[in-house]
There are 2 protein chains.
Amino acid sequence: MKDISKAEYEVLNALWEKYPASANDLIATLNIIKPWHDKTVKTLLNRLVKKEAVGFQKEKRKYLYYPLLEKEAYTQYESKSLIERLFSGRVSPLIAGFAKNQELKKEDISQLKEIISQWEKEND
Amino acid sequence: MKDISKAEYEVLNALWEKYPASANDLIATLNIIKPWHDKTVKTLLNRLVKKEAVGFQKEKRKYLYYPLLEKEAYTQYESKSLIERLFSGRVSPLIAGFAKNQELKKEDISQLKEIISQWEKEND
DNA sequence: CACCAATGATTACATTTGTAATCATTGGTG
DNA sequence: CACCAATGATTACAAATGTAATCATTGGTG
């Protein structure tokens with residue numbers, strides 16, 4: 001998987017939210033959260049195309065872009081890379097850090113319990 | 001917190017494992033896992049000094065380096081940044097991804113349960 | 001003392017990334 | 001048809017990053 005930079009990720013994430021999308025669609029969506037010039041968005045979009053994370057279909061002069069890389073595949077890859085790099089591949093130290101720094105809510109705990117419960121149903 | 005690149009992190013991680021350490025100590029340690037030229041390690045070390053992640057004490061011509069940035073602070077910051085960026089600040093989707101992709105072991109589950117149990121003792 | 005290797009400081013260069021600007025083409029409108 | 005704005009393609013430039021090389025200084029040794 002080719003590396004996708006943080007700025008590129010923002011563009012790709014906007015596309016995952018809604019596609020197919022034109023460059024102008026994405027520029028409008030991103031303008032809500034990032035004060036980026038439209039030229040910046042177009043460049044990042046073109047880099048994503050070059051990296052084969054995004055494809056497009058021509059419709060007259062307008063291009064309609066769609067993701068080639070799935071959000072889940074990407075988030076899993078990035079998560080795993082970070083866990084590997086920082087925690088020798090173990091997820092528990094990451095969660096322990098969140099717990100220690102009071103960054104877990106009751107809702108998070110419930111959700112984790114649910115995931116564990118489901119895992120046990122499928123694996124124990 | 002100043003961004004620490006992946007290569008810089010490797011040097012810093014070697015230092016966290018054992019400090020104070022000379023440049024040569026680090027070069028030797030890193031040589032085990034990375035085929036880096038010694039000049040590369042020195043450059044990365046100097047960049048870490050510039051970023052104030054690392055300090056040093058002179059001992060004749062030899063410098064003994066030590067971390068200024070704590071491993072836990074860094075790993076928590078990076079973890080949180082990733083979770084914020086990819087999962088809107090929620091840890092459960094990250095764990096759910098690991099579960100879904102069969103990347104959790106029984107041992108991970110035990111550890112997560114322990115963390116949850118501890119959290120509940122301190123917060124419920 | 002002279003020499004040399006060791007050590008850190010500084011420089012180098014290619015690639016990647018962030019944030020644009022400029023250029024070329026082309027639909028649409030008057 | 002001419003013109004112009006829209007649209008994508010290409011270029012630009014600074015900073016960060018990866019991976020070095022070169023330079024300046026200085027301990028240690030013969």
Side-chain angles (χ1 to χ4, degrees), chain A residues 1-15 19-66 69 74 78 81-82 85, chain B residues 1-15 19-66 68-69 74 77-78 81-82 85:
Chain A
M1 188 182 291
K2 290 173 194 171
D3 271 4
I4 289 175
S5 72
K6 285 176 184 169
E8 287 162 354
Y9 169 79
E10 293 295 324
V11 175
L12 184 54
N13 197 34
L15 187 58
Y19 66 88
S22 69
N24 281 341
D25 294 335
L26 293 168
I27 287 161
T29 301
L30 285 159
N31 204 265
I32 298 167
I33 54 175
K34 290 250 172 202
W36 275 342
H37 203 285
D38 64 339
K39 294 166 177 50
T40 301
V41 176
K42 286 182 184 181
T43 300
L44 295 170
L45 198 43
N46 272 300
R47 286 182 187 169
L48 286 167
V49 168
K50 285 245 168 56
K51 291 182 180 183
E52 296 178 324
V54 166
F56 61 82
Q57 245 182 338
K58 295 186 190 183
E59 207 174 274
K60 293 190 181 188
R61 81 164 68 176
K62 195 174 294 240
Y63 286 19
L64 290 185
Y65 296 93
Y66 55 88
L69 172 62
Y74 178 73
E78 280 293 305
S81 294
L82 182 96
R85 198 163 68 84
Chain B
M1 187 181 295
K2 290 172 194 170
D3 271 6
I4 289 175
S5 71
K6 284 175 186 172
E8 288 163 352
Y9 168 79
E10 294 295 326
V11 175
L12 184 53
N13 196 33
L15 187 58
Y19 66 89
S22 68
N24 281 343
D25 294 336
L26 293 168
I27 287 161
T29 301
L30 285 158
N31 204 264
I32 298 166
I33 54 175
K34 289 247 174 205
W36 276 340
H37 202 285
D38 64 340
K39 294 163 176 50
T40 301
V41 176
K42 287 182 182 180
T43 300
L44 295 171
L45 198 42
N46 271 299
R47 287 183 185 168
L48 285 167
V49 167
K50 286 251 165 57
K51 292 183 178 181
E52 296 179 324
V54 166
F56 60 82
Q57 248 184 333
K58 294 186 192 186
E59 206 173 275
K60 293 191 180 185
R61 82 167 64 180
K62 194 175 295 243
Y63 286 19
L64 291 185
Y65 296 92
Y66 54 89
L68 290 175
L69 172 62
Y74 177 74
Y77 175 80
E78 281 293 302
S81 293
L82 182 98
R85 195 163 72 85

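Order of the sequence lines sets the chain letters (A, B, ...), proteins ahead of strands, with each chain counted from 1. The shown structure was predicted, so the numbers you read here are calculated from the model rather than taken from an experiment.
Residues passing the salt bridge (charged side-chain N to carboxylate O under 4.0 Å, His left out) test with B:Glu10: none are found, sequence neighbours excluded. Every residue two or more places apart in sequence or in another chain that forms a ring pair (Phe, Tyr, Trp, His ring centres under 6.0 Å) with A:Tyr63 is listed here: A:Phe56.
Closest heavy-atom contact between B:Gly55 and B:Leu68: N-CG, 3.5 Å. Of all non-hydrogen atoms in A:Pro20 and A:Leu64, the two that sit nearest each other are CB-CB, 4.0 Å.
Looking at heavy-atom distances under 4.0 Å, B:Lys58 makes no contact with the nucleic acid at all. A:Lys2 comes within 4.0 angstrom of nothing in the nucleic acid, heavy atoms only.
Straight-line distance from the NZ atom of A:Lys34 to the P atom of C:dT19: 7 Å, rounded to whole Å. The distance from atom CG of B:Leu30 to atom P of D:dG18 is 13 Å, rounded to the nearest whole Å. Taking atom CG on B:Leu48 and atom C1' on C:dG8, their separation rounds to 15 Å, with Å as the unit. Separating the NZ atom of A:Lys51 from the P atom of C:dT16 is a distance of 8 Å, rounded to the nearest angstrom. Atom-to-atom, CG of B:Asp3 to C1' of C:dT16 comes out at 14 Å; the value is rounded to the nearest Å. Summarising the geometry, the separation between CD on B:Glu59 and P on C:dG8 is reported as 11 Å, rounded to the nearest angstrom. B:Leu45 has its CG atom 16 Å from the P atom of D:dT17, to the nearest Å. Atom CG of A:Asp38 is separated from atom P of D:dA5 by 15 Å (rounded to the nearest Å).
An OP1 or OP2 oxygen of C:dA6 is reached within less than 4.0 angstrom by no side-chain nitrogen or oxygen of B:Asn24.
Checked by atom type and distance alone, the side chain of B:Tyr65 never pairs as donor or acceptor with a backbone atom of B:Leu26 at under 3.5 Å. Proximity of a side-chain donor or acceptor of B:Tyr74 to a complementary backbone N or O of B:Ala53 within less than 3.5 Å is not detected.
Using a 4.5 Å heavy-atom cutoff, the side chains of A:Leu15 and A:Val11 are not in contact.
When the nearest nucleotides of DNA chain D are assigned to B:Ala7 and A:Tyr65 by heavy-atom distance, the more 5′-ward of the two goes with A:Tyr65. The residue among B:Lys62 and A:Ile4 whose nearest nucleotide of DNA chain C lies closer to the 5′ end is B:Lys62.
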Inset, instruction - Starting at the 5' end of nucleotides 20-25 of chain D, put B wherever the base has a protein heavy atom under 4.0 Å, S where only the sugar-phosphate does, and a dash everywhere else. - result: BBB---
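Distances were taken from every side-chain heavy atom of B:Lys60 (C-beta onward) to each of D:dG27, C:dT19, C:dT7; the shortest belongs to D:dG27.
Taken together, the paired segments of DNA chain C that extend over three or more consecutive Watson-Crick or G-U pairs, each closer than 3.5 Å at both contacts, are C:1-30 with D:1-30.
Residue pairs satisfying the ring-ring contact (aromatic ring centres under 6.0 Å, His included) criterion with at least one member in residues 19-48 of chain A, sequence neighbours excluded, are absent. Among residue pairs with one or both ends in residues 41-58 of chain B, those qualifying as side chain to side chain donor-acceptor pair (under 3.5 Å) are B:Glu8-B:Lys51; sequence neighbours excluded.
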